Every structure is written in structure tokens, then in C-alpha cells.
Amino acid sequence: MTRTRFAPSPTGYMHVGNLRTALYEYLIAKSQNGKFVVRIEDTDQGRYVEGAEDIIFRTLKTAGLIHDEGPDIGGPYGPYIQSQRRQIYMDAANHLIESGWAYRCFCAKERLDALHEQDAYAKYDRRCLAVGPTESLARAERGEPYVIRQRVPEGVTNVHDEVYGDVTVNNDEIEDQILIKSDGLPTYNFANVVDDHYMDITHVLRGSEYISSAPKYNLLYNAFGWKIPAYVHLPLITDGEGAKLSKRKGGAASFEDLMEQGFLPEAIINYIALLGWSPGDNREFFTLPELADAFDIRGISKSPSVFDLKKLAWMNGEYIKKMPPDEFYKLALPVLSKAVIRPMDMRKLAAMAQTRVEFVKDTAGLIDFIDNLPEYSTELYVNKKMKTTEEISLRSLSAVREKLKDTPWSKPEVPNSEALHDLLLATAEELGLKNGQVLWPVRIAVSGRQATPCGAAEILHMLGRDESVARIEAGIDKLTRTDAVRPCNS
RNA sequence: GGCCCGUUGGUCAAGCGGUUAAGACACGGCCCUUUCACGGCUGUAACAGGGGUUCAAUUCCCCUACGGGUCACCA
């Protein structure tokens, strides 16, 4: 049975590269009726971050990547936390010592550091390989500190990767790497191999930065006589400057960052699924089940891709538009009620905003003119396409003001926006103006904006007569004043 | 520096010997619209370079250039 695993180390946040790896692991498992396992790789006690595991589980849950086994839910292959498996690694390493594929190394850190000082790329000189088994054991039992190193044989090692194909390296490129550290805990490379084997992992996914250590893994699998899993190395996600995506610049390297910026989890998942993988056709909107259905390892590309926030933003907007109005309303309500104090039909405001925003939070900026008329310049009244000038605007506004004042606007017969719309059009006809020549100035006067999420009539309706008239009068005032001032300037 | 990997428009990408080299984002234009947005139509824009192989190379091979990765008692 297909079994994949997500094996993060608890560093405190979920990098999008990691998230994509988790996603693909999930998709492979789900598409093949397999299991998706989460394992925590905390063998570096120096780097442990409190609460980091919670972030991992929360992120997976929010993203919808539900795991079948893991430290939080258990499973038949536990424990799923590496720090609780130290004996397993130690036993495995000792087994390798017995079979001659590993040896204890008693070299002092200082000596090795000195070696690296001479040559930064120097490999371990294998001095302790010469220590005989009896002496090695005796020294270990005497309490002398040591690490356990892998003994790399002569020859070449071939690695088969599902994405990159076959890669062959000469074994003299490979160092006798440390398997067990002097604190008794395994290194990442060793723990990975041991765990993946004991947990029956069939597909090992990881970033392509690990492809150069894959030969070491194979050597270990062979030393143990274990079956080598399918490797699926994933191309890097970069930031546009060619470097690995990192937190410092845009501040959007992690799932949490993106969520904070207002991206929807579905949109994030959809977008990153398409970074480095293509379904082969032109579809680009996928739910998680649809992804599982369409996913195919052969669609994974080899070259790195740039994380494009703009495209993600577009996709986020698409997700917002597709959302049922009720759902959008629920998300937008907190934003709306903060941006508009005046009693309003929030549901209606939400509906107006929904097709116009890429982020829920942007609804605020769309409707904040409702509470307070923003400061605006009379230049807004001049619109070429609408054929408006300040003079025409003044005429229109004055006429509309008179009409509104005469319109009964007491509670029972508050005109609806259609009635108001008719009223505005009628005004235009009476003045011998085009519709836009009335509608445009009214919008400007009551909103102070040249772009609003709804038309002039709706705004009048929302604001009510008194406020509408007041704003129109303010507009008239502005236009009158500039008319008066202009001659003095020239 | 050694080793490994990669290179199709600004970005994501399809292509898997013969194509007018898709599509999407972004950008420009037009239409729709009382504004904006949506939607529709449309435009600009790419096979890193050089050698082979072949009747035919974006597709296969080699070299060069460029980019990236990796060489820890970190993962």
C-alpha cells in the first residue's frame, strides 16, 4: 500500500515549500488509497521551538491535509516523534557496526574543525576506521565520547528519482557521514532512512536540495538490505531573485504569513499545487479532492519556479467570487461593521463588494465613504467619457437637490434605489443632459470617489435624504467656490 | 572549488522529432456597464548560445554560458 509521510522539524512555521511537499505527499497517498503519515523530526534539541508542533498540525488542518497517522492521533507505526525513537536508531546503528557498514569515531571536534580550516570542503579522513572492533567497543564502554559514522564503500552509486531520473555519483564524493551524534541522537539523514523503512513509507518526497544526499541513503538502505523507496524530489520554490523563498523580503514565505495577508487556504493550496506541477490540461481551479484525482507524479517539473504573489492574489479573488454570498457575508461582516458605523444593510454591502475585491479585508476601503464623505477635489467632476464639466455638474447637482428636497422620504415611503434612479434620469431629461451627466456628478458628490461599488442611486438610497442632500449641497458649495476663485487666479 | 540539477514570453506553464510554439497571471486596447469591478473580445511578448544526429529539431547527444543546489555532531 502507498504510504507517504510529511516529516517536518518543529521550527515554528510552515514554509510554503514544505506545505507544497506535504500537499503532494497527501495527494499521492489519497490518489492511491494510501496513508498519509506525519512524523516530527526533532533530533536537534538545540533548535527545538516550543509550540511549533501545534503550528504544524494547525496548518495541516486549515489546509485540509488530514493525516491518517501521526503523533497527535497515533497509529500502528508509532511513536511518530523521533526523539521518542532513539533506541530504534541506536539499535540500527549498532547493527551496522556489527555488519561492518559503520564504525565508531572518537575524533575530537577540535581536530575535525582544524581539518576544515585547512580545506573547507574536506571530507572526514577516516582515521577511526582503523580502530579495531575490540578496541572500539572497549573505548566506548569506558565512556569515551564517540559518534557513529557510515562506512562508505568504493564504487559508484546510482539513484533513481521519479522526477529527475537517474543520477549516478562516485562514492569518493561521499563522506563517511555521522549517523549517531555524540548525544546519542541520530542525524537527520540516518533517522530518515530508518524511520521511512520501519514506517513502510513507499514514496519519499522532499525538496530537490536533498537530491545530492540521496546516494547516502541508498548506501544505507543497501547496507541494511532494505528496499529503497520511490524518490520524488521537488523543484525549489524561489522568490523571483533566484534565491530560495525566504521570510525576509515580502514576508510571505509561510502559510501563516499568507493567511495573515488575507489569502484563503483553498486559494493557497490551489496555487502552490500548480507551482512545479501541471495537470497537463488547462485547468487551474482545483478543490483538494479534484487535485487528488488529477495528480500525477509525471506532471512534476524539474525546474524551480517563482512564487508570484500577484497571481496568488488573482486566484484569491477568483475564490472570493465563487464563494456563496452567505459565506462571503460571514467573512466580510467583521470588516464591514468596523468600517461602517451608520446602520446599513450589511448583507447588501457585502454582495456589492464580493465581485470587486481580491481580499476580504479590501471591502473596507470600498465602502468607507458611507460614514464620512472623504475630502475630494472638484476635478473629479470632470469626466471626459461622461461628458461632464464642473459647470454641468453644478447644474445637475442643483437640480437633483431640489428634487430630493421635494421627495417625500419619511419612513413609509422611502424611495428605493430604482425610484431614485428614475428620478435622476428624469432630471437629466428635464435639463436636456445625458444620463451620465447627472449620474456622475451625483456619485461624486455623495461619495467623494470616482469609483464606488454601486451606482449613484444606490448610494442616495443608502445614505437617506438628509445626508444625501447635505453632501450634494457640500458639492454645490465646492463647485461654486472654485468658480468664484478661478478668475482671481488668472 | 568538487559533485549534482536546471534553462520555453516579465511570471506560472503545455509541448515529449514535423505545431501558425497552447493556456493562465501581469501589461495594453476594445466592448459591456450610470463609476469601478466582473464578464467578453483582442494585442505585445518565449524555445540561453554553439556544435552535432536526422529528410526534419523547442523536443535526442555534446560543449559553452548563466542560474540553482550540495559538500555540518542542521534539518
Side-chain angles (χ1 to χ4, degrees), chain A residues 7-9 11 41-44 46-47 105 109 112-113 116 119-123 145-149 159 161 163-165 167-170 172-175 177-189 191-192 206-215 233 235-236 238 240 242-244 271 274-284 298-299 301-315 317 321 352-358 366 380 383 385-386 421 424-425 428 434-440 442-444 447 449-459:
Chain A
S9 51
T11 56
E41 310 225 329
D42 60 345
T43 55
D44 184 3
R47 275 223 254 174
C105 170
K109 186 104 169 42
L112 300 177
D113 287 346
H116 277 278
D119 174 7
Y121 306 113
K123 285 193 284 292
Y146 65 90
V147 299
I148 299 178
R149 287 184 184 272
V159 171
D161 183 81
V163 175
Y164 291 90
V167 180
T168 304
V169 297
N170 201 317
D172 59 24
E173 297 291 334
I174 305 171
E175 183 178 47
Q177 65 169 337
I178 291 172
L179 271 18
I180 301 285
K181 301 180 271 188
S182 55
D183 63 3
L185 285 168
T187 54
Y188 164 83
N189 290 326
N192 237 265
R206 53 165 90 97
S208 63
E209 67 265 34
Y210 293 106
I211 202 163
S212 46
S213 38
H233 284 94
L236 244 42
T238 68
K244 261 164 97 167
Y271 176 71
L274 265 15
L275 266 192
W277 172 77
S278 163
D281 55 30
N282 279 333
R283 279 189 298 166
E284 51 184 355
R298 285 170 296 186
S301 67
K302 296 182 176 72
S303 45
S305 37
V306 174
F307 190 89
D308 184 2
L309 272 176
K310 266 194 179 160
K311 185 149 186 180
L312 211 209
W314 163 78
M315 187 163 267
K321 273 168 231 148
M352 291 188 311
Q354 190 168 357
T355 59
R356 290 158 219 269
V357 294
E358 286 184 335
L366 245 38
L380 294 190
N383 183 300
K385 197 177 154 201
M386 293 296 115
H421 188 232
L424 292 175
L425 294 194
K434 290 176 150 301
N435 294 345
Q437 290 174 305
V438 173
L439 294 165
W440 179 267
V442 172
R443 173 208 312 287
I444 300 298
S447 73
R449 295 265 175 79
Q450 46 187 340
T452 59
C454 55
E458 283 90 346
I459 298 174

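Worth saying up front: this structure is predicted, and the values here are computed from it rather than measured. Here is how names work: the chains are called A, B, and so on, in the same order as the sequence lines, proteins then strands, and each is numbered from 1. Atoms considered below: every heavy atom in the structure, side chains included; atoms not considered: hydrogens, waters and symmetry mates.
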Item to check | From U34(B), C25(B), G69(B), nucleotide with atom closest to Ala456(A) side chain | outcome: U34(B)
Checklist entry - Among C12(B), A75(B), A22(B), which nucleotide sits nearest the side chain of Asn282(A)? => result A22(B)
Item to check | Point-to-point distance, once rounded to the nearest 0.5 Å, from CG of Leu312(A) to CD of Glu358(A) | outcome: 10.0 Å
Checklist entry - Which part of the nucleic acid does Gly276(A) contact within heavy-atom distance under 4.0 Å: base, sugar-phosphate only, or nothing? => result sugar-phosphate
Checklist entry - For C71(B), what is the paired nucleotide under Watson-Crick or G-U wobble rules, both distances under 3.5 Å? => result G1(B)
Checklist outcome for this item: Taken to the nearest 0.5 Å, the spacing of Glu175(A) CD from Ser213(A) OG works out to 12.5 Å
Next on the checklist: Does Lys434(A) have more than 12 heavy atoms from other residues, nucleotides or ligands lying within 6.0 Å of its NZ?
Outcome noted: no
Checklist entry - Heavy atoms, side chains only, cut-off 4.5 Å: are Lys321(A) and Gln354(A) in contact? => result no
Item to check | Side chain proximity check, Pro235(A) to Ser301(A), heavy atoms < 4.5 angstrom | outcome: yes
Item to check | Within-4.5 Å side-chain heavy-atom neighbours: His421(A) and Leu439(A) | outcome: yes
Next on the checklist: Could you tell me how far G28(B) sits from C66(B) if I compare only their C1' atoms? Round to whole Å.
Outcome noted: 31 Å
Checklist entry - Can you tell me how far P in U20(B) sits from the matching atom in A13(B), rounded to whole Å? => result 26 Å
Next on the checklist: With a 4.0 Å limit, can you tell me whether Ser278(A) has a side-chain N or O closer than that to the phosphate oxygens OP1/OP2 of C12(B)?
Outcome noted: no
Checklist outcome for this item: Here the distance between atom C1' of U70(B) and atom CG of Asp172(A), to the nearest Å, is 16 Å
Item to check | Any-strand Watson-Crick or G-U partner of A57(B), both distances under 3.5 Å | outcome: none
Checklist entry - Base, sugar-phosphate, or nothing for Tyr271(A), non-hydrogen atoms under 4.0 angstrom? => result nothing
Checklist entry - When rounded to the nearest Å, what value does the distance between C1' atoms of A45(B) and C25(B) take? => result 14 Å
Checklist entry - Which part of the nucleic acid, if any, lies within contact of Ile178(A), taking any heavy atom under 4.0 Å across all strands shown: a base, the sugar-phosphate backbone alone, or nothing? => result base
Next on the checklist: At 4.0 Å (heavy atoms only), tell me whether Ser213(A) reaches a base, stays on the sugar-phosphate, or touches nothing.
Outcome noted: nothing
Next on the checklist: For a 4.5 angstrom cut-off between non-hydrogen side-chain atoms, does Met352(A) reach Leu366(A)?
Outcome noted: no
Next on the checklist: With heavy-atom distances below 4.5 Å as the criterion, would you say the side chains of Asp161(A) and Val167(A) are in contact?
Outcome noted: no
Checklist entry - So what does Cys105(A) touch, heavy atoms closer than 4.0 Å: a base, only the sugar-phosphate, or nothing? => result nothing
Between N or O atoms, less than 3.5 Å apart, protein on one side and nucleotides 3-6 of chain B on the other: list the pairs.
from  : atom 1 : to        : atom 2 : distance (Å)
C3(B) : O4'    : Glu173(A) : OE1    : 3.4

Checklist entry - What is the distance, rounded to the nearest whole Å, between atom CG of Asn192(A) and atom C1' of A72(B)? => result 16 Å
Next on the checklist: Let's test this: given Watson-Crick or G-U wobble pairing with both distances under 3.5 Å, identify the partner of U33(B).
Outcome noted: none
Next on the checklist: What contact category does Gln437(A) fall into here, base, sugar-phosphate, or nothing, at under 4.0 angstrom with non-hydrogen atoms?
Outcome noted: nothing
Checklist entry - Using the C1' atom in both, what is the distance from C12(B) to C31(B), to the nearest Å? => result 28 Å
Item to check | Met352(A) CE to C36(B) P, straight-line distance once rounded to whole Å | outcome: 16 Å
Checklist entry - Roughly how many Å is it from CG in Leu274(A) to P in C12(B), rounded to a whole number? => result 12 Å
Checklist entry - Choosing from C12(B), C36(B), A75(B), which nucleotide comes nearest the side chain of Leu275(A)? => result C12(B)
Checklist entry - Between atom OG1 of Thr452(A) and atom CD1 of Ile444(A), what is the distance when rounded to the nearest 0.5 Å? => result 8.5 Å
Checklist entry - Below 4.0 angstrom from OP1 or OP2 of A13(B), is there any side-chain N or O of Ser305(A)? => result yes
Next on the checklist: Could you tell me the Watson-Crick or G-U partner of G43(B), where both distances fall under 3.5 Å? Say none if there is no partner.
Outcome noted: C27(B)
Next on the checklist: Using the rule given for side-chain hydrogen bond (donor to acceptor under 3.5 Å, both in side chains), can you reason through Gln177(A) versus Asn189(A), listing the C-alpha separation, both sets of side-chain angles and the distance that settles it, and then say yes or no?
Outcome noted: CA-CA 9 Å; Gln177(A) 65 169 337; Asn189(A) 290 326; 3.1 Å; yes
Checklist entry - Across the strands shown, which category fits Met386(A) at heavy-atom distances under 4.0 angstrom: base, sugar-phosphate, nothing? => result sugar-phosphate
Checklist entry - Nearest of C12(B), U34(B), A72(B) to any side-chain atom of Glu175(A)? => result A72(B)
Next on the checklist: At less than 4.0 Å, is any side-chain N or O atom of Lys123(A) found next to OP1 or OP2 of A72(B)? Yes or no.
Outcome noted: no
Checklist entry - For C32(B), does either OP1 or OP2 sit under 4.0 Å from a side-chain N or O belonging to Lys385(A)? => result no
Checklist entry - Between U59(B) and A46(B), how far is it from one C1' atom to the other, in whole Å? => result 15 Å
Next on the checklist: The side chain of Ser9(A) is closest to which nucleotide in this list: A72(B), C25(B), A75(B)?
Outcome noted: A75(B)
Checklist entry - Using purine N1 to pyrimidine N3 plus N6-O4 or O6-N4 for Watson-Crick, or N1-O2 and O6-N3 for G-U wobble, each under 3.5 Å, what pairs with C66(B)? => result G6(B)
Checklist entry - To the nearest 0.5 Å, what is the distance between CD1 (Ile180(A)) and OG1 (Thr187(A))? => result 7.0 Å
Checklist entry - Can Tyr121(A) be said to stack with the base of G1(B), given centres closer than 5.5 angstrom and planes under 30 degrees apart? => result yes
Item to check | Trace of the side chain to side chain contact (heavy atoms under 4.5 Å, CB included) decision for Met386(A) with Gln450(A) | outcome: CA-CA 12 Å; Met386(A) 293 296 115; Gln450(A) 46 187 340; over 6 Å; no
Checklist entry - How close or far is atom C1' of C71(B) from atom CG of Asn189(A), stated in whole angstroms? => result 12 Å
Next on the checklist: Once you apply a heavy-atom cut-off of 4.0 Å, does Gly455(A) come out as touching a base, just sugar-phosphate, or nothing?
Outcome noted: base
Checklist entry - How long is the line joining CG of Asp42(A) and P of C73(B), in whole Å? => result 19 Å
Checklist entry - Expressed in whole Å, how much space separates the C1' atoms belonging to G1(B) and C61(B)? => result 28 Å
Checklist entry - What is the per-nucleotide protein-contact pattern of nucleotides 37-48 of chain B, from the 5' end, where B denotes a base atom under 4.0 Å from a protein heavy atom, S denotes such proximity for sugar-phosphate atoms only, and - denotes neither? => result BSS---------
Checklist entry - Is there side-chain contact between Pro279(A) and Leu274(A), with at least one heavy-atom pair below 4.5 Å? => result yes
Checklist entry - In whole Å, what is the span from the CD atom of Glu284(A) to the C1' atom of A22(B)? => result 13 Å
Next on the checklist: Is His421(A) close enough to U34(B) that one of its side-chain N or O atoms is under 4.0 Å from OP1 or OP2 there?
Outcome noted: no
Checklist entry - Given the C1' atoms of U8(B) and C4(B), what is the spacing between them in whole Å? => result 23 Å
Checklist entry - So what does Gln177(A) touch, heavy atoms closer than 4.0 Å: a base, only the sugar-phosphate, or nothing? => result nothing
Item to check | Minimum-distance nucleotide to Leu236(A) side chain [options: A75(B), G68(B), A72(B)] | outcome: G68(B)
Next on the checklist: Rounding to an integer number of angstrom, what distance separates A21(B) and C71(B) when you compare their P atoms?
Outcome noted: 44 Å
Item to check | Spacing of His116(A) atom NE2 relative to U70(B) atom P, expressed in whole Å | outcome: 16 Å
Checklist entry - Is any side-chain heavy atom of Val159(A) closer than 4.5 Å to a side-chain heavy atom of Tyr164(A)? => result no
